Protein chains: 2
Amino acid sequence: MQLKKYTDYGLRILMYLGVQEAQARKPGMESSQQNKLTTIRDICTTFDLSTNHVNKVVHHLGRLGLIDTRRGKNGGFLLAKPAAEIRLDYVIRQLEGDEAWIECHNPYCVALPACELKGIVARGKELFYDYLAQFTLTDLLKKQGQLLQIFSTTP
Amino acid sequence: MQLKKYTDYGLRILMYLGVQEAQARKPGMESSQQNKLTTIRDICTTFDLSTNHVNKVVHHLGRLGLIDTRRGKNGGFLLAKPAAEIRLDYVIRQLEGDEAWIECHNPYCVALPACELKGIVARGKELFYDYLAQFTLTDLLKKQGQLLQIFSTTP
DNA sequence: CATAACCTACATCCTTAATGCATGTTTTAT
DNA sequence: ATAAAACATGCATTAAGGATGTAGGTTATG
């Protein structure tokens, strides 16, 4: 009963992008970095993760429309919409996969037709996601200054 | 993101015991079956599960004080307290293990000191369990008659 | 004392997440 | 043009942990 690292990595990537974006908007920064995009390599060195795994997560985030990716030299990716519009429930549900939290088949449970459990667990799951729906990427960036420092000091 | 089969089996076992107990209390039943205990074999044939796995779950339920087990000939087990006092949050939390739903170490996340995510997910997890705390084994036995029929017709 | 049942430890299998490798495709700078 | 930098994609491999199996131990009953 734990989120996949895959999902976890996706959230870290979004946090990284959120911090970069906020920084780029600071006065005096508009042209200094020429809006350089974040690359998979940046993420991997910052968080010390496997290139291949991050590769897949980035691709997934792209397909979900959460980030815009650009191929080719000087390519990379950035948030596709404002951090305030990226809801945590959506991100986690999509990356995690939206299966039932309890398995009634495989093996098939004879009690299934008269079982009250699956409904209770399913409702609990929805409450969990309903709670997450109150938060957006913005809420993950409260300690933005500290995050920026962490991200910029990791070589 | 799914409950372990282990946990699932534990709940099924409790449901089975709850039904047996209610049946034993029916008028005219007090002495007819001599209060025969439920055995691991009974559970395995009813739900078509592995003896060894059920073995471990039963043992665990015993250690948790949810069932009383008795060794030796004519041994077996039964609920250690009324179904209404067996809360689902407790059962699931114990059988499932109460780890955090998100992994911040292994590998260690550099953002940890400034991360808002772990708190949000932890609170969501507690809401899930808070919801489960509203229910007891009794709530899983609403369709008791149907369950009894299912359990007694599986050879 | 034999049998039926749970107890316990250890070993193995199996699923799947995690990771690695190889190659393709696109874009840009030179 | 062409080389380099970046994401895209598919397949192979490894690792972790849950699921299952084997073997014997212990306890109670008849």
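Please read these numbers as outputs of a predicted model, since none were measured by experiment. Proteins get letters first, then strands, A, B, ... in listed order; numbering begins at 1 in each.
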Quiz item: Base, sugar-phosphate, or nothing for B:G76, non-hydrogen atoms under 4.0 angstrom?
Solution: sugar-phosphate
Quiz item: In residues 47-61 of chain B, which ones come under 4.0 Å of DNA chain C, going by heavy atoms?
Solution: B:N55, B:K56, B:H59
Exercise. State which of D:dT20, D:dG25, D:dA8 makes the closest approach to the side chain of B:R71.
Key: D:dG25
Quiz prompt | Cationic N near anionic O, under 4.0 Å, B:D42 to B:K36 | solution = yes
Quiz item: Salt-bridged, B:D8 to B:K4, with N to O below 4.0 Å?
Solution: no
Using the 3.5 Å cut-off, write out each protein N or O paired with an N or O of nucleotides 2-4 of chain D and the distance between them.
none

Practice problem: Flag the pair B:F77 / B:Y16 as yes when their ring centroid distance falls below 6.0 Å, and as no otherwise. | Solution: no
Quiz item: Counting distance only, does the side-chain N/O of A:T7 pair as donor-acceptor with the main-chain N or O of A:L3 below 3.5 Å?
Solution: no
Quiz item: How many angstroms lie between atom CD1 of A:I102 and atom CD1 of A:I120, to the nearest 0.5 angstrom?
Solution: 9.5 Å
Quiz item: When we call it a touch if two heavy atoms are under 4.0 Å apart, what does A:R41 touch: a base, just sugar-phosphate, or nothing?
Solution: nothing
Quiz item: Does CZ in A:R41 sit with more than 12 non-hydrogen atoms of other residues, nucleotides or ligands closer than 6.0 Å?
Solution: no
Quiz prompt | Pairwise 5' ranking along DNA chain D for A:N74 and A:T69, keeping only the more 5' one | solution = A:N74
Quiz item: Got a donor-acceptor contact below 3.5 angstrom from the B:K118 side chain to the B:L112 backbone?
Solution: yes
